[in-house]
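The figures that follow rest on heavy atoms only: side chains count, while hydrogens, waters and symmetry mates do not.
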Amino acid sequence: MLGLLQVARRRTGTEVNRIEGTSENLENQLVQTQTDVQQMIQNRMKKIQEIQHSVEMRKRNTEEEKSARNQLFTDLIRSIERCQSELLKMMEEQQKAAEKQAEDLIKELQQEISDLKKRNTELEQLSHTDDHLHLLQMYSSLCSRPHIKNWTEIRIDSDVNVYSMNRALIQLEKTLDGRLNKIGQTGLKCLQKFAVDVTLDPDTAHPYLILSDDGKQVSHGDIKQDVPKNPKRFDYVVSVLAKQGFSSGRFYYEVQVKGKTGWTLGVARESINRKGKLIYSPVNGFWAVWLRNENQYKACENSPVSLSLRVKPEIVGVFVDYEEGLVSFYDVGSRSHIYSFTGQTFTEKLYPCFSPCVNDGGKNSKPLIITPVNK
């Protein structure tokens, strides 16, 4: 009996210890849970502060940008109004000058008509005279050719002189370009925030293309490279895609084209035909611009669009907004817009696409270089 009581006591003590141990563990878990909850509260409060700070920063930036844009458009309007005023004044002055010229010419003509009428009267009188001596005396002066102007080539131009006005318009165009370039600089700066790291995919490169080890440069060689067959590889068009594809959001990258006489840049959908001949166009899954023959730029629309660029780009920026259906190209050096494909519908991954074009006997040997974006 005593033994049973001792066993019971031992069991009771063990149970108490177990309960105490469990209680202590629960307390520790509660403390840890409370600590975790407090940390989550702090994190969320910190996030609220971050959001509030971001909103305040955005508000301040918005006000600054509104002020800058308002000043910019005010300057543009003033420039246009000033040019309009100068043009109207110039046209009025030209009209007054034409009227004054016409008035002077008419006076001169009227004077000559008066002189001719006088001579005609004198000739009429002389024709009826019987005084032969007087006839001989007057003949040489009255019958000689009168000193009058040859009016055959003299006329008043009825057309408005547009040449001098064109100078004012050209100056306005330069002013507008300068002002709008400021907008382009601001806009490009915003786009550069969406810069992505892009590298070339050797599995897609045409056999005549030479890629750098870091996947950042591509050029056309005169010798076919020993590369394995790959369904992803271009076998006719000298192009290569990037490893990175994008199916949402916005992305931006820059490519150096300096020193080249031909190139093609843009994006391509994943399912493009990579075998045989193809035409760069949206209907074929390409959104690109190109350079040919050193100075012929085109946007590869379904019906190609010729581009007139004031300066030769050395670095081209490519921006894509997938949801907006937008692909835009920029001259990074002059921070100016080159061309945009708008209102497109994307349903597949888009891959940056590059073509250095053929070597052309060394004339176009410079590589295309994917450059770091200076944010």
Residues pairing under ring pair (Phe, Tyr, Trp, His ring centres under 6.0 Å) where one sits in residues 212-244, two or more places apart or in two chains, turn out to be Y208-H220
If you measure only the distance, is there a donor-acceptor pair under 3.5 Å linking the side chains of [X] and [Y]?
X	Y	answer
Q192	E254	yes
Q32	D36	yes
T204	D201	no

Before giving the answer on side chain to side chain contact (heavy atoms under 4.5 Å, CB included), spell out for F354 and T264 the whole-Å C-alpha distance, their side-chain angles and the decisive distance to 0.1 Å.
CA-CA 6 Å; F354 311 82; T264 302; over 6 Å; no
Can you measure from [atom1] ([X]) to [atom2] ([Y]) and round to the nearest 0.5 angstrom?
X	Y	atom1	atom2	result
F319	E324	CZ	CD	9.0 Å
Q38	T33	CD	OG1	11.0 Å
S308	Q296	OG	CD	11.5 Å

Hits for side-chain hydrogen bond (donor to acceptor under 3.5 Å, both in side chains) against R250, two or more places apart or cross-chain, chain-then-number order -> D321
[X] side chain to [Y] backbone, donor-acceptor under 3.5 Å:
X	Y	result
K260	P356	yes
S54	E50	yes
R233	P202	yes
D331	K312	no

For residues 237-249, tabulate all N or O donor-acceptor pairs below 3.5 Å that involve a side-chain atom, not counting sequence neighbours.
unit_1	atom_1	unit_2	atom_2	d
S239	OG	Y280	OH	2.4
Q244	OE1	T199	N	3.0
Q244	NE2	T199	OG1	3.0

Qualifying residues under ring pair (Phe, Tyr, Trp, His ring centres under 6.0 Å), relative to Y339, sequence neighbours excluded
F341
Derivation of the side chain to side chain contact (heavy atoms under 4.5 Å, CB included) call for L278 and F286:
CA-CA 10 Å; L278 58 88; F286 290 92; 3.5 Å; yes
K66: which residues meet the salt bridge (Lys or Arg N to Asp or Glu O under 4.0 Å) condition with it, sequence neighbours left out?
E63
What pairs of residues pass the side chain to side chain donor-acceptor pair (under 3.5 Å) test when at least one of them lies in residues 349-363, not counting sequence neighbours?
E270-Y351
Would Y322 and F346 count as a ring-ring contact (aromatic ring centres under 6.0 Å, His included) if you check the C-alpha gap in whole Å, the side-chain angles of each, and the deciding distance to 0.1 Å?
CA-CA 7 Å; Y322 194 97; F346 304 130; 5.5 Å; yes
Could you give me the CA-CA distance, side-chain angles and deciding distance for Y330 and R335, then say whether side chain to side chain contact (heavy atoms under 4.5 Å, CB included) is met?
CA-CA 7 Å; Y330 292 85; R335 306 190 75 81; over 6 Å; no
Side chain to side chain donor-acceptor pair (under 3.5 Å) between E99 and Q95: does it pass, once the steps are laid out?
CA-CA 6 Å; E99 291 174 358; Q95 179 62 28; 3.1 Å; yes
Trace of the side chain to side chain donor-acceptor pair (under 3.5 Å) decision for D104 with Q101
CA-CA 5 Å; D104 292 343; Q101 181 188 12; over 6 Å; no
